[in-house]
Each structure stands twice: as C-alpha cells, then as structure tokens.
Amino acid sequence: MAAIKTEAKSTAAKRDYPKGVSILHDPMLNKGTAFTEAERDALNLRGLLPPHIHTQDEQVLRVMTNFRKKPSDLEKYVQLVALQDRNETLFYRVVMDHLDEMMPIIYTPTVGKACQEYGHLFRRPRGIYITAGDKGRVARLLKNWPYRDVRVIVVTDGERILGLGDLGTFGMGIPVGKLSLYTACAGIHPSACLPVTLDVGTDNESLLKDPLYTGLRQKRLRGEPYDALVDEFVTAVQKVFPKALLQFEDFANINAFRLLEKYRNKICTFNDDIQGTAAVTLAGLYSAMRISRGTLKDQTILFLGAGEAGIGIGDLIVSALMNDGLSIEEARRRCWFVDSKGLVVKSRENLAEHKLHFAHDFQQCADLKTAINRLKPTALIGVSGMPRAFTKEIVETMARINERPVIFALSNPTSKAECTAEEAYLWSGERAIFASGSPFLPVTIQNKTYVPGQGNNAYIFPGVGLGVIACQAKHVTDEMFFLAAKALANQVLESDLAQGRIFPALTRIQEVSAVIAKAVAELAYEKKLARKRRPADLTSAIKSIMYKPVYPSYV
Ligand code: NAD
C-alpha cells in the first residue's frame, strides 16, 4: 500500500500509485465510481468500473440511502465497516457529514454489540494483533503495518470492553472505533492511526468455547510475563513509530492504573478511561454549574463505582479544586465513592490501592441510598456498569436534597446506564441536570424538550491527540486534560444550556477539537514538553494538519 502523508494532499504524483485492481482494492486510495476519465486511462481502470462517473456527493447519497434502509444498528455498523475497508475517504466524508447519526453506530452503544459478535461479523482484519507468543518479535510485527508515519496508536488487551467485561480479541472493535473518531472529530489522517490488540488470552469461558473466537485459546497471561509483553510492545512502538502517541484503552483496572504510572513520564501516553473520562466529566460539571449557578467548591460529589473512570474523574476534580485554592485534603473531601461493597471509608479492609486516597474517616454505609441520605451530595455520578442502579427512590431523594441535582449515568453501553434520560427528568420533577455515557434521544415532557448531553470521551481525546501531534509533545500530562476540560466547557453555548445540553452539539466537534488542541499545545510549549518549534500562528498550524475527506487527483 502506498503511504499518504499525515498532512492531507489534494494532488498526488501519478507514479507513486498502484494501478488497475490494486488501486481499487486499496481503501486509502480508492475512489470507486468517482475515478475521472483521465484517471481511468492513467491508472488502467478502463473496463474495471461501471462507465458513469459519480461525484462524491452522489456516492454519499448512495451510502446514506442504504444506511437508512438497514433494519438494525448492527447492520448499519457492518455496512460502515465494509465501506471503510473499501474507500476510507468516502467513509470519513459520510461519517463527518452525519456525525450525530454515525457516532452511536461506529462507537457506543453499537460498537459494544459489534465487539460481542466480532468473530461472527469478521470479514477483513484491521490493525495489528500481538499475542503472548510474539514475545521477542513485537517490533517485527509492527513493521508489517503498511504505513510508516503513525501518530496515534490505540491499544487494548480486551479485558474491560466498555462495561461488558472481558471480550478478548473481540475487543479490537474499540481501538478501531476510537481511531475513527480521532479522524472524524479531530482530523487526524487515517493513515496515521494504528489500532492494536494485545492478545494475552481471555478468561471469558464462553469465548474460549466459541469456534468463531478469533484469539488465543488460553487463560489470560498475568504477572511478570504480562508486564514483559507490554514492555516489549511499548519499547517497540518507540523504535518503529517514534512520533506516535500511545493511548491505553479498556484495560482492566488492575493493569490500567499501574501501566499509566509506569509509562506516563517515560513516553507520550495516556489512558482514556481514566484521564479522558475525567476531562469530559469535569467539563460536564463546569457546564452544570453554569445552569445551577453553583461553584465546584460547593459540590459534594458521590460516585457509584470506584474504578478507572470514577477515580480518574475524582483525581481531576481534586486538581481543579486545588487550582481554585483548596488544599488536597479539602479537595478530596468533596469526592465520595460507593463501590460494590458500599461507601469507601477508612475503616474498610483490603481496599484497592487506587481507592485509598478517597477513603475518608466516616461511618460505613452499606449502600448508595444510605450514603446519599448521610452525605447529601449535590452530584451523583454513575460509573459502575450497574444498569438501573439510580432507581426512582434514588433520583427522587437527590431532587429532594437539591434544587438542580446533577445526575450523570455514564456507564456504557446504553444497556448498562444507571438510569435513562427520561427517568432522570421525570423522577426529579424535570430538575435534573443529566448526562449519559451512551446517547439518549431528546425527551419531551409537557411540551418542553430536554436534550440530554452525552459525556462522550470523543469530546476530549481527539482534540488532546491533535494538540499532542501538532507540537509533538513528549508526554501527556494531567494539566493538559484539565485545560482540555475547561476549553470544552467554554465551548458550550447558552443555547445548549437552555435545552439542558451540557456539551456542545456534535456538529461542532471539529471546531471544538481544534480549540482543545491549541490549549494542549500551548501548555506543552510553556512547559517545554514540545519537540517541534512553535509556529507563529498555532491555530492555523493546527487547522492545516486536519484531514479533509476529499479525493486526491491522480493525474
Ligand atoms: P472499572 O471496572 O474500573 O470500575 C467499575 C467500578 O464499579 C468498580 O469500582 C466496582 O467496584 C464498581 N461496581 C461494580 N458493581 C457495583 C455495584 N453493584 N455497586 C456499586 N459499585 C459497583 O470500570 P471503569 O473503567 O471505571 O468503567 C465503569 C463504567 O463507566 C463502564 O460501564 C464504562 O463503560 C463507563 N465509562 C463511561 C465513560 C463515559 O461515559 N465517558 C468513560 C469511561 C467509562
């Protein structure tokens, strides 16, 4: 496959490109029925295509007509994957022009269903699979990737896919989907994106028995052999793709926190489940404060779930509060956690390492309801993967305590949400400030329509990635996520808030990502973390590297 530069080029030198069926079968170069007369001559395509030349607009019409006829979201997903495998430019044109419609298909919730059935839907491989058996040859595998100028790698080991648990290699749908969002939301060139799955086995018995499972038939590697494989992978990435940002995605929390601590100051890396989620949620809280006219300092935030997402959000809130002048102890006292064993308090034994700093000196509460009654939180954040955990009684209690209760049901996919948008609005007497992890349709109650915000990490990670790439940052810091959260919150319009929407409309996401990228790159320059010289006009420099789904001319 011929490589395309990260910076989109509208004209390409003829001699660099394959001819005949080879170019038709190269998704990065293929234009399908849009190849012009001159290109058909120059590239030996005469006779290989139907004679009528379509414009890209007409191709989009064809795709969208078929898309809207599909009887299920999973079939829509399959159609889009097939398009991406055939013609990436058209795929991104379709996705970017219809992001509201496409996001729930290429990402949560549909991607969750697609991962569960990945081996059954399997047609063409995408990305790199590195297995426990590849120890000693990981760099060689990475070199098999056809594009050299990789700038973003999303890697998973498939152990905690959304809220669905261990899906082994079926989890590959997540890196693939996330990278599509890097391109669609922040214009990272598709050829600069590499999805990776580390196949260290699976503990999911039904997958191990499934003849269509695509991964190793063995239990998960743990301990030293696991760490050694990850370490070899990280080292190989540095060697083969030295400019790449490495995003860890959907690792179980026993590994996610450790790996983040191990690598965050060594390489250019972050964990989206911990840091990306934190930033989007903090932005949501800032917007919610604009509605309730409160301040972050006045909040008591109660989390259901004390894993990667919950603790990541808590840590970023603490940084934000310290930035507002609170001591670390005062800041931590604003965040409380209920996990599967009740309220996280000091007297509890065997608390996991990542929860310890939020274990307050307080009486034990066995469940969420008791914790709410005793703590009187202003905000309730669901990151537990426990469907319907925010019952009518819980929401009603929050509404009794607060004029404008903040209720975020962030667990993904939709089937795992702690409550629905409609429930939050109805049970709170239409006073809840609501956000979810997976999208919910607008809710109309007595002629008033509420547009629930989606606390989608896609508001954050593509912009952060774009900023990191633009200045070639050496590391990704928590402060970058803090600034990204503020930049995102500042992009929410009064007209959004009036509808109850605490995030910007998805249609503005490229513009929002560019603003986030600028904030991130500015910080990298200020902290001397950038490897690239600062351009005179940073905004223009960022916009100039953003990919546009426009066909190149081959003649
Ligand atoms: P995790 O496995 O690290 O943590 C889950 C936590 O929930 C653990 O602390 C566990 O003890 C707790 N828990 C489980 N059952 C519980 C119960 N019955 N009652 C109370 N707590 C319980 O997972 P994570 O990475 O933190 O993700 C959790 C959820 O958040 C997932 O569904 C994920 O999809 C979602 N999430 C959403 C976003 C977003 O919306 N932007 C981002 C990241 C994660």
Side-chain angles (χ1 to χ4, degrees), residues 103-104 107-109 111-112 115 156 159-167 171 174 177-178 181 247-260 271-285 302-316 336-344 348 350-356 358-359 365-372 380-391 394 408-418 434-440 452-461 481 485 488 502-503:
M103 188 88 103
Y107 209 64
T108 182
V111 75
C115 284
T156 189
E159 189 166 8
R160 199 241 63 193
I161 295 299
L162 303 171
L164 301 169
D166 183 351
L167 296 185
I174 296 295
K178 285 252 156 157
L181 297 183
Q247 172 176 330
F248 283 83
E249 186 69 39
D250 285 4
F251 283 67
N253 65 41
I254 41 165
N255 292 318
F257 288 107
R258 278 184 327 106
L259 295 175
L260 178 61
N271 180 304
D272 187 52
D273 306 299
I274 300 173
Q275 296 161 289
T277 308
V280 77
T281 310
L282 180 60
L285 286 172
L302 180 59
F303 294 84
L304 183 70
E308 294 169 59
I311 300 295
I313 301 166
D315 284 341
L316 196 63
W336 296 77
F337 291 83
V338 169
D339 65 10
S340 53
K341 298 195 177 67
L343 190 65
V344 173
R348 264 183 53 188
N350 302 323
L351 273 176
E353 173 83 23
H354 61 268
K355 302 178 191 176
L356 288 177
F358 286 113
C365 303
D367 54 36
L368 182 65
K369 188 177 131 194
T370 316
I372 292 177
L380 191 57
I381 299 182
V383 274
S384 62
M386 279 305 295
R388 300 294 173 273
F390 295 169
T391 58
I394 295 281
F408 292 175
L410 297 184
S411 289
N412 293 321
T414 320
S415 59
K416 302 282 178 186
E418 283 80 1
F434 178 81
S436 54
S438 299
F440 281 104
Q454 190 191 352
N456 192 326
N457 294 26
Y459 280 115
I460 293 288
F461 68 81
F481 284 98
L488 174 59
I502 55 173
F503 297 101

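Indexing begins at 1, ligand by ligand and atom by atom, following the structure's order.
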Check your understanding: Taking Thr156 for the side chain and Glu249 for the main chain, is one N or O donor matched with an acceptor at less than 3.5 Å?
Key -> yes
Exercise for review: Say whether Asn456, considering both its backbone and side-chain N or O atoms, lies within less than 3.5 Å of an N or O atom on ligand 1.
Suggested key: no
Review point. At their closest point, which heavy atom of Pro413 faces which heavy atom of Gly163, and how far apart are they?
Key: CD-N, 4.3 Å
Check your understanding: By number and element, which atoms of ligand 1 are closer than 4.0 Å to a non-hydrogen atom of Asp339?
Key -> 11 (O), 19 (N), 20 (C), 21 (N), 22 (C)
Practice item. Kindly confirm or rule out an N or O of Leu304 lying under 3.5 angstrom from an N or O of ligand 1. Key: no
Review point. Nearest protein heavy-atom contact for atom 36 (N) of ligand 1: which residue, which atom, what distance?
Key: Leu410 O, 3.8 Å
Revision key, fill the gap. For Pro452 and Phe434 the tightest heavy-atom approach is CB-CD2, 3.8 Å
Review point. Which atoms of ligand 1 are found less than 4.0 Å from any heavy atom of Gly437?
Key: 40 (O)
Point to revise | Heavy-atom closest pair, residues Ala309 and Thr277 | key: CB-CG2, 3.9 Å
Study note, to complete from the structure: Numbered in order shown, the ligand 1 atoms found under 4.0 Å of a heavy atom of Gly455 are 39 (C), 40 (O), 41 (N)
Review point. Short list, please: which atoms of ligand 1 are under 4.0 Å from a heavy atom of Asn253?
Key: 1 (P), 2 (O), 3 (O), 4 (O)
Revision key, fill the gap. Of Val383, Asn412, Val338, the residue with the heavy atom nearest atom 5 (C) of ligand 1 is Val383
Check your understanding: Do Asp166 and Arg160 pass the salt bridge (Lys or Arg N to Asp or Glu O under 4.0 Å) test, and can you show the C-alpha distance, the side-chain angles, and the key distance before you say yes or no?
Key -> CA-CA 5 Å; Asp166 183 351; Arg160 199 241 63 193; over 6 Å; no
**Study point:** Any Lys416 heavy atom less than 4.0 Å from ligand 1
**Key:** no
Exercise for review: List the atom of Gly112, the atom of Leu162, and the distance in Å for their closest heavy-atom pair.
Suggested key: CA-CD1, 3.5 Å
Point to revise | Protein non-hydrogen atom found under 4.0 Å from atom 10 (C) of ligand 1 | key: no
Practice item. Just go through Ser436, Ala389, Ser340 and tell me whose heavy atom is the nearest to atom 22 (C) of ligand 1. Key: Ser340
Revision key, fill the gap. Taking only non-hydrogen atoms of Gly307 and a 4.0 Å limit, the atoms of ligand 1 in range are 1 (P), 3 (O), 4 (O), 6 (C), 8 (C), 9 (O), 26 (O)
Review point. Backbone or side chain, does any N or O of Met386 fall under 3.5 Å from an N or O of ligand 1?
Key: no
Review point. Would a distance-only check, ignoring hydrogens and angles, find a side-chain to backbone donor-acceptor pair under 3.5 Å from Gln454 to Gly437?
Key: yes
Check your understanding: Can you name the nearest heavy-atom pair linking Met386 to Ser411, along with the distance?
Key -> N-OG, 4.3 Å
Review point. Where does the angle between the aromatic ring planes of Phe358 and Phe337 fall among parallel (under 30°), tilted (30 to 60°) and perpendicular (over 60°)?
Key: tilted
Check your understanding: In Å, rounded to the nearest 0.5 Å, how long is the span from CD of Glu308 to NE2 of His354?
Key -> 8.0 Å
**Study point:** Short N or O distance, Asp273 and ligand 1, threshold 3.5 Å exclusive
**Key:** no
Review point. If you measure every N/O of Thr277 against every N/O of ligand 1, is any gap under 3.5 Å?
Key: no
Check your understanding: Of the protein's non-hydrogen atoms, which lies at the shortest distance from atom 27 (O) of ligand 1, and what is that distance?
Key -> Arg160 NH1, 3.5 Å
Check your understanding: When rounded to the nearest 0.5 angstrom, what is the spacing between CD in Glu418 and OG in Ser436?
Key -> 10.5 Å
Practice item. Report, in ascending order of atom number, the atoms of ligand 1 lying under 4.0 Å from any heavy atom of Ala306. Key: 6 (C), 8 (C), 9 (O)
Exercise for review: Specify side chain, backbone, both or neither for Lys341, according to which of its non-hydrogen atoms lie closer than 4.0 Å to ligand 1.
Suggested key: neither
Check your understanding: Charged N to carboxylate O under 4.0 angstrom, Arg348 versus Asp339?
Key -> yes
Exercise for review: State the atoms of ligand 1, each with its element, that fall below the 4.0 Å cut-off from a heavy-atom position in Gly163.
Suggested key: 31 (C), 32 (O), 34 (O)
Check your understanding: What protein heavy atom sits nearest atom 12 (C) of ligand 1, and how far away is it?
Key -> Gly305 CA, 3.8 Å
